[in-house]
There are 2 protein chains.
Amino acid sequence: MKTQPPSLTVGVFAAAAGVNVETIRFYQRKGLLREPGRAYGTIRRYGESDVARVKFVKSAQRLGFSLEEVAGLLAFEDGTRCDEARVAATQKLHDVRAKLDDLRRIEAVLAQLVDRCRARRGAITCPIIAALHAH
Amino acid sequence: MKTQPPSLTVGVFAAAAGVNVETIRFYQRKGLLREPGRAYGTIRRYGESDVARVKFVKSAQRLGFSLEEVAGLLAFEDGTRCDEARVAATQKLHDVRAKLDDLRRIEAVLAQLVDRCRARRGAITCPIIAALHAH
DNA sequence: CTTCGGTCCGTACCTAAGTACGGAGTCAAG
DNA sequence: CTTGACTCCGTACTTAGGTACGGACCGAAG
């Protein structure tokens, strides 16, 4: 596992992570991302792990985690003490599983809709709501 | 299936749906919720189906759907033409499945972390990022 | 050693999704 | 028929998550 030294400028870094430079700065202000020290000069350099981190933030966000929650997830990676991490991770695991259940329900209903629709049964009054109704 | 007539005032309705009154009005402005006509008087009445609808919106939101996307999902229920519905639903189905994949990945990593942590292997440098790294 | 794109930083602005406010109207109970 | 709680409506404010702006500075290329 070669951990190459930080070598990317913000511009390159941001592009690699698929966000814009301002977002990087924003995440730094929020404490989601370190501000690398700037050896030899006043310009900061970033590494691949930073890119991965930002990509992770974006993925988690798409799944409905707020930046604050993402910060919680990232804390595990950042070496919180084992006990705290376990408790927090267990909690998050519950959350995630609840989300999975909900999503699976939606998936089932959508799949069914598409299916019925394909079978051309005239007016399909799709019961998406009904399906979710069961909480 | 008894569809009782609208009989709830906004206040009761909002409480039943677990949101506040202003949110109801907001959803109406956004077209996510009908504004019931007000038979006999100037006060609006809502029914159980409205409650279900709002609850659905809230569920979908928790899963990372924006109100706009939720509106899209609800359009199926509201009887769009079959062809359009099928196309849109198919698209949504892809989205949902992508979300499911991501969530499952996170679930796996979290479960693994909790597990390892329970086994007390000292400092766990949890590779949440690495796991998500594979997109 | 100039030059010109990139960085740095503070501050201002933007959209989504609500929340709050205040005045006017309503309606059921006393 | 008055009161007090609730509704209605427009408008303004708030929070999260960014985006945009503009002046000063840096640093590699010519």
Side-chain angles (χ1 to χ4, degrees), chain A residues 5-47 50-51 53-75 95 99, chain B residues 5-47 50-51 53-75 95 99:
Chain A
S7 59
L8 316 171
T9 62
V10 271
V12 177
F13 169 33
V19 302
N20 81 37
V21 174
E22 311 297 332
T23 303
I24 299 299
R25 298 210 317 116
F26 177 70
Y27 285 179
Q28 289 173 333
R29 267 180 264 138
K30 290 281 166 181
L32 283 164
L33 201 61
R34 74 196 175 100
E35 294 199 33
R38 27 200 135 171
Y40 307 117
T42 178
I43 278 184
R44 299 196 242 262
R45 299 294 175 154
Y46 301 81
D50 296 310
V51 175
R53 194 175 174 99
V54 171
K55 280 187 176 170
F56 172 76
V57 171
K58 282 304 185 186
S59 304
Q61 255 186 324
R62 276 193 298 276
L63 298 172
F65 292 97
S66 69
L67 285 187
E68 205 177 324
E69 292 174 315
V70 175
L73 292 174
L74 284 169
D95 296 354
K99 269 177 202 274
Chain B
S7 59
L8 316 171
T9 63
V10 272
V12 177
F13 168 34
V19 303
N20 80 38
V21 174
E22 310 299 332
T23 303
I24 299 299
R25 299 210 316 118
F26 177 70
Y27 285 178
Q28 289 174 334
R29 264 180 265 139
K30 290 281 164 178
L32 283 163
L33 200 61
R34 73 194 178 101
E35 294 198 33
R38 30 199 135 170
Y40 306 117
T42 178
I43 277 184
R44 299 197 243 262
R45 300 292 175 158
Y46 300 83
D50 296 310
V51 175
R53 195 174 174 99
V54 171
K55 280 186 177 172
F56 171 76
V57 171
K58 282 305 184 184
S59 303
Q61 256 186 324
R62 276 194 297 279
L63 298 173
F65 292 97
S66 69
L67 285 187
E68 206 176 324
E69 290 175 314
V70 175
L73 292 174
L74 285 169
D95 296 355
K99 271 178 201 272

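All values reported here derive from a predicted model rather than from experimental measurement. The chains referred to below are lettered A, B, ... by the order of the sequence lines, with proteins before strands, and numbering in each begins at 1.
- Residue A/Phe26 places its side chain closer to D/dG17 than to any other of D/dA20, D/dG17, C/dA20.
- Taking only side-chain nitrogens and oxygens, B/Thr23 comes nearer than 4.0 Å to OP1 or OP2 of C/dT19.
- Between the CG atom of B/Leu67 and the CD atom of B/Gln61 there is a distance of 4.5 Å, given to the nearest 0.5 Å.
- Between the P atom of C/dT7 and the CD atom of A/Glu35 lies a distance of 15 Å, rounded to the nearest Å.
- In this structure, CG in A/Leu33 is found 11.0 Å from OG1 in A/Thr23, a value given to the nearest 0.5 Å.
- Scanning atom types as modelled, no donor and acceptor separated by under 3.5 angstrom connect the side chain of B/Arg25 and the base of C/dG18.
- The phosphate of C/dT15 has neither OP1 nor OP2 within less than 4.0 Å of any side-chain N or O from B/Lys30.
- One interatomic measurement links the two molecules: CG of A/Asn20 to C1' of C/dC14, which rounds to 13 Å at whole-angstrom precision.
- Between A/Phe65 atom CZ and D/dG17 atom P the separation is 13 Å, expressed in whole Å.
- For B/Arg29, counting side-chain heavy atoms from C-beta on, the closest listed nucleotide (D/dT11, C/dG18, C/dC8) is D/dT11.
- The side chain of A/Tyr27 places an N or O atom within less than 4.0 Å of a non-bridging phosphate oxygen (OP1 or OP2) of D/dG18.
- Separating the NZ atom in B/Lys58 from the NZ atom in B/Lys55 is a distance of 13.5 Å, to the nearest 0.5 Å.
- Atom CD in B/Glu68 sits about 13 Å away from atom C1' in C/dA17, given to the nearest Å.
- Distance CZ/A/Arg53 to OH/A/Tyr46: 13.0 Å, rounded to 0.5 Å.
- Summarising the geometry, atom CZ belonging to A/Phe26 is positioned 8.0 Å from atom CG belonging to A/Leu32; distances are rounded to the nearest 0.5 Å.
- For the pair B/Leu8 CG and D/dT7 P, the interatomic distance rounds to 11 Å; values are reported in whole Å.
- At least one side-chain nitrogen or oxygen of B/Lys58 sits closer than 4.0 Å to the OP1 or OP2 atom of C/dG18.
- Listed nucleotides D/dT7, D/dG17, C/dT19 differ in distance to B/Thr9; the shortest reach to its side chain belongs to D/dT7.
- OP1 or OP2 of C/dA16 has not a single side-chain nitrogen or oxygen of B/Ser66 nearer than 4.0 Å.
- Among the atoms of the strands shown, none is found under 4.0 Å from any heavy atom of A/Phe13.
- Nucleotide C/dG6 holds its C1' atom 10 Å from the CZ atom of A/Arg45, rounded to whole Å.
- Between B/Gln61 and C/dG18 there is a side-chain polar atom (N or O) within less than 4.0 angstrom of OP1 or OP2.
- Atom CD1 in A/Ile43 sits roughly 13 Å away from atom C1' in C/dC4 (whole-Å rounding).
- In this structure, CD of A/Glu22 is placed 11 Å from P of C/dT7, rounded to the nearest angstrom.
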